[in-house]
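Report on one structure; see the data block that follows.
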Amino acid sequence: MINLDRLNSQQKEAVITTEGPVLVVAGAGSGKTLVLTYRIAYLISLGIPPSSILALTFTNKAASEMKERIRNLVGKKADYIYMGTFHSIFARILRQEAHLIGYSRDYSIYDTDDQENVIKGILKDFNISENHLSPRFIQNVISKAKNKLLFKDNGFEKFFGSYNKKLLEIFEEYNRRLKNSNAMDFDDLLIKPIELFSNNPDLLEEYRDRFHYILVDEYQDTNTAQYHLLKMLVNKNKNICCVGDDAQSIYKWRGAEVRNILDFHKDFPDTKIIRLEQNYRSTKSILAVADSVIKNNVYQIEKTLWTSNEEGDRVKVTVCFDEKDEANFVAKKIFELTNTKKINPRDIAILYRTNAQSRNFEETLIKSSIPYVIVGGVEFYKRKEVKDVLAYLKLLVNPKDDESFLRVVNFPSRGIGDVSIETLRSFALQKEKPLFLSIPDLLNSDKVSERIKRNFGAFHSLITKYQSLIDSNDFYVIINSLIDEIGILQTFKEEGTEEAMQRYENVVQLLNSIQEFQIANPDKTLIDYLSEISLIADIDNWEDRKNAIVLMTLHSAKGLEFDVVFIVGCEEGLLPLKRDGDVEDIEEERRLFYVGCTRAKKHLFISYARNRNRFGNSYPQIQSRFIEEIDKTLVDFEATPLAEIYLKKNSNYRSITTDEYSQVDPFENYEYSQVTRQIKPGSIVEHDVFGKGRVIYLDGYGDHQKVIVEFKNGVRKHLMVKYAKLKVIK
DNA sequence: CGCTGAAACCTTTTT
DNA sequence: GGTTTCAGCG
Ligand SMILES: Nc1ncnc2c1ncn2[C@@H]1O[C@H](COP(=O)(O)OP(=O)(O)OP(=O)(O)O)[C@@H](O)[C@H]1O
């Protein structure tokens with residue numbers, strides 16, 4: 001039996017009430033995830049086979065962390081738990097049972113880009129202008145329809161039909177094309193299992209029999225499809241335990257239904273509802289601030305949340321002049337915290353509403369030589385060259401995959417352009433076959449030019465050659481020789497530009513990741529590899545082993561905790577975010593702000609800028625209503641020196657003179673080349689974040705020149721002269 | 001068919 | 001301001 005002494009009495013109750021439906025609704029930091037972890041460990045210690053436990057988490061990262069903790073409690077048995085995201089667990093089940101719904105086990109997974117490409121193809125064939133119905137919009141409609149389980153004779157038209165009659169036709173053609181390509185999109189991974197189980201009751205019984213205990217984390221952000229899956233899978237014992245916090249539901253835009261948590265007790269009669277009320281994460285100050293904001297939401301379950309943690313530092317709200325000033329303020333604070341308070345960079349997070357905000361901070365952090373990592377943004381696996389290589393691999397395992405075929409058939413360039421593709425497409429349409437499989441028909445026809453035949457013929461034999469080899473367990477070697485044969489690395493190298501070299505690096509990195517996967521999972525196949533990387537979330541790639549501060553969206557921060565949190569860009573229009581023509585969902589935005597605040601353990605900084613650059617123009621900004629809502633007695637307001645000038649003048653942006661600007665920020669327009677000439681060991685220099693210091697070491701020249709500077713408090717910094725904007729004083 | 005420069009678009013949030 | 005798309009030319 002495992003030791004539950006660490007837990008409080010409600011937490012214990014949630015752990016040991018193993019039979020029947022249990023719902024844990026509780027505020028942030030009350031130990032919901034910890035309860036799930038202990039509950040699973042407890043079940044295993046009771047002798048329940050780990051393979052009969054199904055645990056669903058929100059991200060892969062959350063799953064692997066939980067598994068690790070359980071392993072620490074009960075040992076290796078933890079490896080046999082069915083644990084992962086809804087998508088990854090059901091993708092795995094679908095591979096097993098694909099034949100029952102007309103797919104094969106090597107089906108491709110289409111991401112949002114692939115979906116949009118399919119849609120673009122349909123619009124073209126249907127003669128619908130993209131201006132009229134944008135592919136992005138249609139992709140949204142299709143995703144909504146699927147995750148809300150709306151089909152042709154089941155509400156689709158009621159929901160979308162009035163908008164545009166064509167939508168249903170496009171929807172059905174889209175599904176036809178994916179099926180034809182042996183491909184599933186993200187939503188299919190949830191609704192195909194429903195179809196599978198509905199049509200095969202015996203199979204459903206098998207799975208019900210297998211999963212005796214079902215557990216779900218972050219239940220407030222499950223969608224209708226996930227909800228139906230759960231209802232199907234729960235067996236007569238009804239051993240389902242869901243944990244969540246309605247105040248942290250932030251994925252409505254993607255189909256999440258808070259009703260799932262609100263009506264849980266109706267869906268599962270005799271539910272035991274357990275509330276956790278003690279927060280173990282944050283200081284009293286932070287919790288009070290979060291609470292004063294979230295209580296402005298009308299629709300929520302009443303919850304109490306208290307902490308016995310210390311009062312802690314008061315939360316700071318800082319007004320900055322513009323986004324550069326904000327970045328400087330944050331960098332300065334981080335410098336202070338890591339040096340004087342000895343806080344580790346890895347315990348600090350900068351959270352923002354949109355990925356686009358990261359760049360500004362990135363620039364300043366480089367200049368300040370503060371180590372950082374960015375979670376999300378332009379994902380590695382979404383880069384063009386990476387997707388192109390992956391498309392080769394997808395086509396090898398799934399030759400029906402039209403989308404991958406179209407990506408690679410002319411990459412690298414083989415003289416196969418639009419005209420050739422259209423010719424092939426006409427053959428494909430005739431026999432309703434996928435494109436790649438129609439190549440033999442084209443080759444046998446006497447109506448096609450020799451040149452086109454030659455080009456397709458060469459491509460066809462290339463792919464078939466590797467297809468026969470790829471099933472082997474040593475797929476890395478095969479892929480390597482394929483890459484070699486098509487010569488893309490060489491092409492990038494010959495191009496020689498900085499951009500091409502970056503591409504080169506990315507492809508090499510992809511190959512490395514394939515090799516690592518193969519070594520780490522000797523009995524897994526290329527199909528498994530492709531499946532796993534399709535379902536990777538941004539946050540899954542975050543290596544918290546690195547001692548670097550982390551930048552991410554508020555969404556990605558869900559479920560995490562940090563000693564220090566900066567919530568930046570708290571301005572009307574940005575947080576809460578408002579897009580032209582869209583009705584904003586203020587309550588959801590407020591929950592997002594709440595999630596952000598409650599990530600902080602010890603220090604919380606909230607900031608906003610009076611002016612913000614968008615598309616090259618500066619716009620005046622208004623402080624976020626969420627700041628207004630904070631109980632004023634709980635926070636300290638302050639202004640950066642630049643904002644101070646602005647406030648004093650009580651006027652608008654334009655009236656700040658260049659003089660005043662440079663008075664406070666003398667480096668703004670400073671030519672660093674001048675600095676490069678003058679700087680030498682012993683020089684006294686000034687840095688806009690660290691202040692004055694003495695150069696103790698100088699190395700290299702030009703863009704690569706590096707210095708070590710000792711600043712006031714004896715802290716030594718390694719800086720790149722090019723970026724550090726040092727002003728030489730003496 | 002492929003490259004280049006101009007124009008258009010852009011910013012939600014992600015499995 | 002930066003990135004992606006697209007038309008027009010070689
Ligand atoms: N009984 C306890 N004693 C000490 N620490 C605890 C206890 N319960 C939880 N904690 C700690 O509190 C922190 C928050 O726990 P956890 O992440 O499980 O909360 P949560 O309810 O899932 O939070 P959120 O809803 O914000 O994701 C963790 O660091 C955890 O170790």
Side-chain angles (χ1 to χ4, degrees), chain A residues 56-63 84-91 109-113 115-116 120 130-131 134-136 139-140 143 146-147 184-191 218 221-223 225-226 249-256 323-324 351-360 363 375-379 381-384 410-422 451-452 455 495 499 531-540 552-558 569 573-582 584-585 588-589 591-593 595-596 612-618:
Chain A
L56 297 157
T57 59
F58 199 73
T59 62
N60 297 298
K61 183 177 159 65
T85 62
F86 273 91
H87 289 88
S88 62
I89 293 278
F90 289 102
I109 298 174
Y110 278 7
D111 67 13
T112 325
D113 284 346
Q115 293 185 61
E116 276 184 34
K120 280 180 192 160
E130 287 187 18
N131 305 333
S134 82
R136 174 84 64 87
Q139 188 269 324
N140 250 311
S143 177
K146 286 187 176 182
N147 67 45
M184 303 209 201
D185 61 27
F186 288 135
D187 299 298
D188 286 335
L189 298 177
L190 304 175
I191 62 172
E218 309 278 14
D221 275 325
T222 51
N223 64 30
Q226 291 165 328
S249 166
I250 53 176
Y251 282 95
K252 190 164 145 194
W253 53 274
R254 170 180 115 174
E323 77 280 351
K324 289 261 166 266
L351 307 181
Y352 37 76
R353 180 61 236 262
T354 65
N355 282 309
Q357 285 164 263
S358 67
R359 181 181 234 109
N360 172 42
E363 284 164 8
V375 172
V378 199
E379 242 182 287
Y381 293 106
K382 288 218 169 106
R383 307 237 166 94
K384 187 186 174 301
N410 203 30
F411 169 83
S413 156
R414 298 187 175 83
I416 298 176
D418 286 348
V419 180
S420 309
I421 298 287
E422 281 315 310
R451 198 178 63 87
I452 290 185
N455 291 340
E495 229 178 289
E499 196 191 337
S531 188
E532 282 184 29
I533 61 164
S534 299
L535 300 175
I536 281 179
D538 292 335
I539 194 76
D540 300 332
M552 64 176 98
T553 62
L554 289 157
H555 283 91
S556 294
K558 181 159 96 155
L574 190 56
L575 181 60
L577 186 75
K578 168 116 176 85
R579 287 176 78 205
D580 298 337
D582 266 10
E584 72 244 88
D585 185 342
E588 176 138 322
E589 296 288 321
R591 290 192 290 268
L592 199 50
F593 185 80
V595 166
R612 185 168 293 274
N613 233 61
R614 276 179 70 217
F615 312 137
N617 289 321
S618 183

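Lettering of chains follows the sequences in order, A, B, ..., and the numbering in each one begins at 1. Hydrogens, waters and symmetry mates are skipped; everything else that's a heavy atom, side chains included, is used.
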Report summary line: Rounded to whole Å, CG of A:Asp113 lies from C1' of C:dT4 at a distance of 12 Å

Query raised in the report: Does B:dT13 have A:Trp253 stacked on its base, where the ring centres are within less than 5.5 Å and the planes differ by under 30°?
Result: yes

Requested in this report: Counting heavy atoms from C-beta on, name the nucleotide in B:dT11, B:dT15, B:dC1 closest to the side chain of A:Phe186.
Outcome: B:dT15

Query raised in the report: Under 4.0 angstrom, heavy atoms only, what part of the nucleic acid is A:Leu592 near: base, sugar-phosphate, or nothing?
Result: nothing

Query raised in the report: Picking from B:dG2, B:dT14, B:dT15, which would you name as closest to the side chain of A:His555?
Result: B:dT14

Requested in this report: Would you classify A:Asp187 as touching base, sugar-phosphate or nothing, given that sugar-phosphate means primed atoms plus P, OP1 and OP2, and contacts are heavy atoms under 4.0 Å?
Outcome: nothing

Requested in this report: Could you check A:Ile421 against A:Tyr251 and say which one's nearest nucleotide on DNA chain B is further toward the 5' end?
Outcome: A:Ile421

Report task. Name the nucleic acid region contacted by A:Arg612, choosing base, sugar-phosphate or nothing; use a 4.0 angstrom heavy-atom cut-off, strictly under. Result -> nothing

Requested in this report: Classify the nucleic acid contact of A:Arg353 as base, sugar-phosphate or nothing, counting any heavy atom under 4.0 Å across all strands shown.
Outcome: base

Report summary line: Between CZ of A:Arg136 and P of C:dT5 the distance, given in whole Å, is 11 Å

Query raised in the report: Can you check whether A:Arg591 has a side-chain N or O nearer than 4.0 Å to OP1 or OP2 of B:dT13?
Result: no

Query raised in the report: A:Thr553 side chain N/O closer than 4.0 Å to the phosphate oxygens (OP1, OP2) of B:dT14?
Result: yes

Query raised in the report: Rounded to whole angstroms, how far apart are NZ on A:Lys578 and C1' on B:dT11?
Result: 14 Å

Query - C1' gap between C:dC6 and B:dT11, integer Å - result: 22 Å

Query - Given A:Arg254, A:Lys252, A:Lys558, the one that forms side-chain contact (heavy atoms from CB on, under 4.5 Å) with A:Asp221 - result: A:Lys558

Report task. Identify whether the distance between the nearest side-chain nitrogen and carboxylate oxygen of A:Glu589 and A:Arg353 falls below 4.0 Å. Result -> yes

Query raised in the report: Closest to the A:Asn410 side chain: C:dG2, B:dT15, B:dG2?
Result: B:dG2

Query raised in the report: When the ring planes of A:Tyr251 and A:Trp253 are compared, do they come out parallel, tilted or perpendicular, using 30° and 60° as the limits?
Result: tilted

Query raised in the report: Checking all strands, does A:Ser534 fall into the base, sugar-phosphate, or nothing category for heavy-atom contacts under 4.0 angstrom?
Result: nothing

Query raised in the report: Do the side-chain N and O atoms of A:Gln357 and A:Thr354 include a donor-acceptor pair separated by under 3.5 angstrom?
Result: yes

Requested in this report: Pick base, sugar-phosphate or nothing for A:Phe86, based on heavy-atom distances below 4.0 Å to the nucleic acid.
Outcome: nothing

Query raised in the report: Can a side chain N or O of A:Thr59 be found less than 4.0 Å away from OP1 or OP2 on B:dT15?
Result: no

Query - Nearest atoms (heavy-atom pairs only) where A:Leu189 meets A:Phe90 - result: O-CB, 3.4 Å

Query raised in the report: A:Ser556 side chain: which of B:dT15, B:dT14, B:dT11 is closest?
Result: B:dT14

Query raised in the report: Of all the choices, B:dT15, B:dC1, B:dT14, which nucleotide is nearest to the side chain of A:Arg451 once you look at every atom?
Result: B:dC1

Query raised in the report: Under 4.0 Å: is that the gap between some side-chain N or O of A:Asn355 and OP1 or OP2 of B:dT13?
Result: yes

Query raised in the report: Can you find a side chain N or O atom of A:Arg359 that sits less than 4.0 Å from OP1 or OP2 on C:dT3?
Result: yes

